[in-house]
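Here is the structure we will look at, set down as structure tokens.
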Amino acid sequence: MRLATWNVNSLRSRIGRVEAFLARHDVDVLAVQETKSREDQLPLMGLQAEGYEVAAAGTNQWNGVAILSRIGLDDVQIGFDGMPGWGEPEAPESRAIAATCGGVRVWSLYVPNGRKPDDPHYTYKLTWLAALRTAAAGWTAAPTVLAGDWNICPTDDDVFDIKQFAKSTHVTPPERAAFAAFAADGWHEVTRAHAPGYTYWDYYRQRFERDRGLKIDFAYASPSVAGRVRGAFIDRDERDPAQGSGSPSDHAPVVLELAD
DNA sequence: ATGGTAGCTGGGCTA
């Protein structure tokens with residue numbers, strides 16, 4: 001089974017690239033973030049023609065997450081009760097939603113950005129991560145993957161220039177501790193060993209062309225899934241304005257190969 | 001310290 005995660009920065013504007021990506025890599029399940037689409041703007045007919053459906057979607061008026069899977073592969077759709085929302089009318093499931101596909105429960109996560117360390121959104125980010133950790137601690141016995149945009153750089157090497165991030169989010173000790181806490185609970189981050197390198201390059205200042213990026217997209221797997229991982233890769237071509245058609249997302253997809 | 005780009009929307013927010 002091939003599983004992928006991708007912050008697409010608008011599923012509607014990127015649908016051509018998403019379809020091409022799914023076909024090119026024979027992906028079975030794709031966790032997408034920043035769909036920027038309401039549920040009534042899904043499903044997407046082009047995807048259905050290619051054999052995919054929206055297995056799960058959680059959206060609000062300005063953002064959302066979803067899971068696309070081969071038609072018939074998904075079993076159930078699950079939202080998230082314990083996830084704190086931010087203001088109204090933000091729905092908690094717009095940041096975390098799951099579907100069971102081929103026996104693996106796949107979560108698509110969009111961890112709050114945090115904005116700046118002195119911003120209330122930063123506190124919210126840590127609160128949100130703590131709530132996710134508490135809930136996820138009960139999921140490790142079942143085949144589960146927590147995939148998505150974590151908005152955290154776990155090490156200094158995950159930033160193109162750590163000095164530039166001295167007063168920024170994504171690299172602070174509390175954020176890194178929150179990320180590491182999942183490993184302490186028995187989750188295995190399964191992308192880095194096979195797919196080192198950045199997954200996000202800001203649109204500003206030709207950051208992709210200069211390879212000045214961040215590594216912030218990850219997949220934590222429960223032990224049974226971690227044991228099935230055969231490989232992973234970052235498809236940088238999907239971030240390349242010179243490749244494919246239409247403008248790229250600011251994130252590249254991460255693909256995970258699982259043994260049957 | 002600021003501004004740089006992109007998307008949704010239809011001016012300003014979010015990232």
Side-chain angles (χ1 to χ4, degrees), chain A residues 5-19 21 31-42 44 46 57-66 83-96 108-129 147-153 158-172 175 179 198-218 236-254:
Chain A
T5 179
W6 192 6
N7 180 324
V8 294
N9 187 20
S10 170
L11 189 50
R12 285 172 292 157
S13 73
R14 217 72 66 204
I15 190 60
R17 277 187 179 262
V18 171
E19 290 168 355
F21 164 77
V32 288
Q33 300 86 38
E34 290 206 69
T35 54
K36 296 185 176 177
S37 309
R38 297 186 312 269
E39 290 195 57
D40 62 290
Q41 295 170 316
L42 304 170
L44 302 150
T59 67
N60 62 36
Q61 64 193 34
W62 59 78
N63 220 325
V65 294
M83 200 61 67
W86 175 271
E88 293 293 337
E90 173 132 350
E93 61 271 25
S94 68
R95 291 188 180 275
S108 180
L109 305 177
Y110 180 58
V111 174
N113 177 283
R115 299 189 183 183
K116 294 199 162 109
D118 61 355
D119 192 293
H121 286 83
Y122 175 85
T123 306
Y124 169 60
K125 180 182 196 173
L126 297 179
T127 302
W128 194 94
L129 283 163
D149 178 357
W150 288 76
N151 272 317
I152 296 171
C153 300
D158 299 326
V159 189
F160 65 87
D161 180 3
I162 190 65
K163 292 187 294 295
Q164 274 195 34
F165 279 71
K167 296 181 179 176
S168 302
T169 58
H170 296 53
V171 302
T172 66
E175 288 167 283
F179 187 85
Y198 305 138
T199 62
Y200 161 88
W201 298 259
D202 206 305
Y203 285 123
Y204 310 157
R205 302 179 177 181
Q206 297 189 299
R207 289 264 172 87
F208 178 77
E209 288 77 359
R210 298 157 61 210
D211 196 26
R212 295 171 73 76
L214 305 177
K215 189 172 189 63
I216 55 177
D217 297 274
F218 297 99
R236 293 170 64 109
D237 285 352
E238 287 296 347
R239 176 59 184 89
D240 189 347
Q243 304 287 330
S245 58
S247 65
S249 167
D250 43 3
H251 292 248
V254 183

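In what follows, chains carry the letters A, B, and so on, assigned in the order in which the sequence lines appear, proteins first and then strands, with residues in each chain numbered from 1. In this text the structure is predicted, and so the values were computed from the model without any measurement.
Rounded to an integer number of Å, the gap from CG of A/Asn9 to P of B/dT14 is 15 Å. One can place CG of A/Asn63 at 21 Å from P of B/dG12, the figure rounded to the nearest angstrom. In this structure, the CZ atom of A/Arg239 is 10 Å from the C1' atom of B/dA6, given to the nearest Å. Going from atom CG of A/Asn7 over to atom C1' of B/dA6 covers 12 Å, rounded to whole Å. With rounding to whole Å, A/Gln41 atom CD is found 9 Å from B/dC8 atom P. When the C1' atom of B/dA6 is taken as reference, atom CZ of A/Arg14 falls 8 Å away, rounded to whole Å. The NZ-P distance, from A/Lys36 to B/dC13, rounds to 15 Å in whole Å. Between the NE2 atom of A/His251 and the P atom of B/dG7 there is a distance of 13 Å, given to the nearest Å.
Taking the six-membered ring where the residue is Trp, A/Phe160 and A/Phe165 present perpendicular rings, their angle passing 60° and hence far from 30°.
Salt bridge A/Arg236/A/Asp211: present, at least one basic N to carboxylate O contact under 4.0 Å.
Contacts of A/Phe208 with the nucleic acid, taken as non-hydrogen atoms under 4.0 Å apart, are absent. Residue-level contact check: A/Ser249 touches neither bases nor backbone, having no heavy atom under 4.0 Å from any strand. A/Arg207 comes within 4.0 angstrom of no nucleic acid atom, judged by non-hydrogen atoms across all strands.
In this structure, the separation between CH2 on A/Trp150 and OG1 on A/Thr5 is 10.5 Å, given to the nearest 0.5 Å.
Taking atom P in both B/dT14 and B/dG10, one finds a spacing of 15 Å when rounded to whole Å. B/dA15 and B/dG4 have their C1' atoms separated by 13 Å, given to the nearest Å.
For A/Ser37 and B/dC8, the shortest distance from a side-chain N or O to OP1 or OP2 is not below 4.0 Å. Listed pair A/Ser13 / B/dA6 fails the phosphate criterion, with no side-chain N or O lying under 4.0 Å from OP1 or OP2. For B/dG7, neither phosphate oxygen OP1 nor OP2 lies less than 4.0 angstrom from any side-chain nitrogen or oxygen of A/Arg12.
A donor-acceptor contact under 3.5 angstrom links the side chains of A/Asn9 and A/Tyr203, judged on distance only.
Between A/His251 and A/Ile216 the shortest heavy-atom distance is CE1-CD1, 3.6 Å.
Residues A/His121 and A/Tyr203 both approach DNA chain B. Their nearest nucleotides, taken by heavy-atom distance, put A/Tyr203 toward the 5′ side. Heavy-atom nearest nucleotides on DNA chain B were determined for A/Gly114 and for A/Asp202, and the one closer to the 5' end corresponds to A/Asp202.
Side-chain atoms of A/Tyr204 come within donor-acceptor range of the base of B/dA15, with a qualifying N/O pair under 3.5 Å.
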